[in-house]
Amino acid sequence: MKIATWNVNSINARLPTILAWLEKAAPDVVCLQEIKCVDEKFPTDAVAELGYEAAVHGQKTYNGVAILSKRGIEDVTCGLPGDDDDEQARYIEAVIPGETSAFRVASIYLPNGNPVDTEKYGYKLKWFERLRMHARGLRALEEPLVLAGDYNAIPRPEDVHDPAAWEGDALFRPETRSAWRALLWEGFTDAFMAVDGRMSQYTFWDYQGGAWQKDHGIRIDHLALSPQAADRLEGVEIDRKARAMEKPSDHVPVIGAFRD
DNA sequence: ATGGTCGCGTAGCGA
């Protein structure tokens, strides 16, 4: 069972690129972020032609998340509990039926939080805390669970090309890194870190300033695994090649392979 | 060098 996460920065602007990648990589499940469209504008038919069923939590212009699955999608829930006034489409969760056991999967688009001296950063930290509390409840189910997405959090200095340049940024502030660790302390494993003997790899390169050409990247797209999912983990791939495709997203897919 | 890159939507915001 291959489960991927990918911030696509508009599903419709990116559609040919996404379809080409899906056809080649052929993951079973894909968690998408920043689809930037309402549910009705999601290219349901185009992904169905490649064998994917879609669960969509869309929003006009901004945000928007979705889950694609070749193995069916059940028990879909949209939105993160903990704030009834939050109207931003940043969370969708579903169950993927499996041959031996089902996988619960969430597609997460955590708020960016910049600039840090505005209410945006407070919103980010509150959202992170809501996610931690929800994850605590899911953890107690003792299921294979993958919390996949764009966390807008750089865990360590090794995960950014120039830590000094990012000091003070909402993606690298101590409070942000602490919130990411607090999520893991609920009993989750950073899938990338669980594979030993490897250098850090980046998942995002800004469109500006030739960041990709200079390899000025950051690692912010993560798979957080429950113990039952971590037990089944066989490998993790960060697909750098996707950043060199035509009309690329500024993020690349992260793919986890699991025994099922 | 007083710009620089995208997407949305058609100005200026968000990333």
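Naming convention: chains lettered A, B, ... in sequence-line order (proteins, then strands); numbering from 1 in each chain.
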Inter-nucleotide P distance (B:dT5, B:dT10), Å rounded | 23 Å
Are any of the side-chain heavy atoms of A:Ile11 and A:Pro43 separated by less than 4.5 Å? yes
Taken to the nearest whole Å, CZ/A:Arg243 to P/B:dT5 is 12 Å
Rounded to whole Å, CH2 of A:Trp212 lies from P of B:dC6 at a distance of 14 Å
From CD1 of A:Ile18 across to P of B:dG7 the rounded distance in Å is 11 Å
Whether each nucleotide of nucleotides 10-15 of chain B has a protein heavy atom under 4.0 Å at its base (B), only at its sugar-phosphate (S) or at neither (-) is summarised, 5' to 3', as ----SS
Contacts satisfying ring pair (Phe, Tyr, Trp, His ring centres under 6.0 Å) that involve residues 129-155 of chain A (not counting sequence neighbours) are A:Tyr91-A:His134, A:Tyr151-A:Trp180, A:Tyr151-A:His222
Ionic contact status for A:Arg219 with A:Asp190, cut-off 4.0 Å: yes
So CG of A:Leu223 and CG of A:Leu233: to nearest 0.5 Å the spacing works out to 8.5 Å
With rounding to whole Å, what would you report as the distance between B:dG3 and B:dG12 at their P atoms? 16 Å
A:Glu186/A:Arg139 salt bridge by N-O under 4.0 Å criterion: no
- Between B:dG7 and B:dT2, how far is it from one P atom to the other, in whole Å? 25 Å
- Query: Counting only side-chain N and O atoms of A:Arg14, is one of them less than 4.0 Å from OP1 or OP2 of B:dG7?
  - Reply: yes
If you measure from the C1' atom in B:dC6 to the same atom in B:dA11, how many Å do you get, rounded?
16 Å
Review point. Expressed in whole Å, how much space separates the C1' atoms belonging to B:dG14 and B:dG9?
Key: 13 Å
Review point. Got more than 12 heavy atoms from elsewhere within 6.0 Å of CD, A:Gln213?
Key: yes
B:dA15 and B:dG4: how far apart are their C1' atoms, nearest whole angstrom?
15 Å
Subject >> Ion pair A:Asp260/A:Arg71, N-O distance below 4.0 Å >> reply: yes
Whole-Å distance, A:Lys247 NZ to B:dC6 P, equals 10 Å
Problem set entry | N or O in side chain of A:Thr61 less than 4.0 angstrom from B:dG7 OP1/OP2 | no
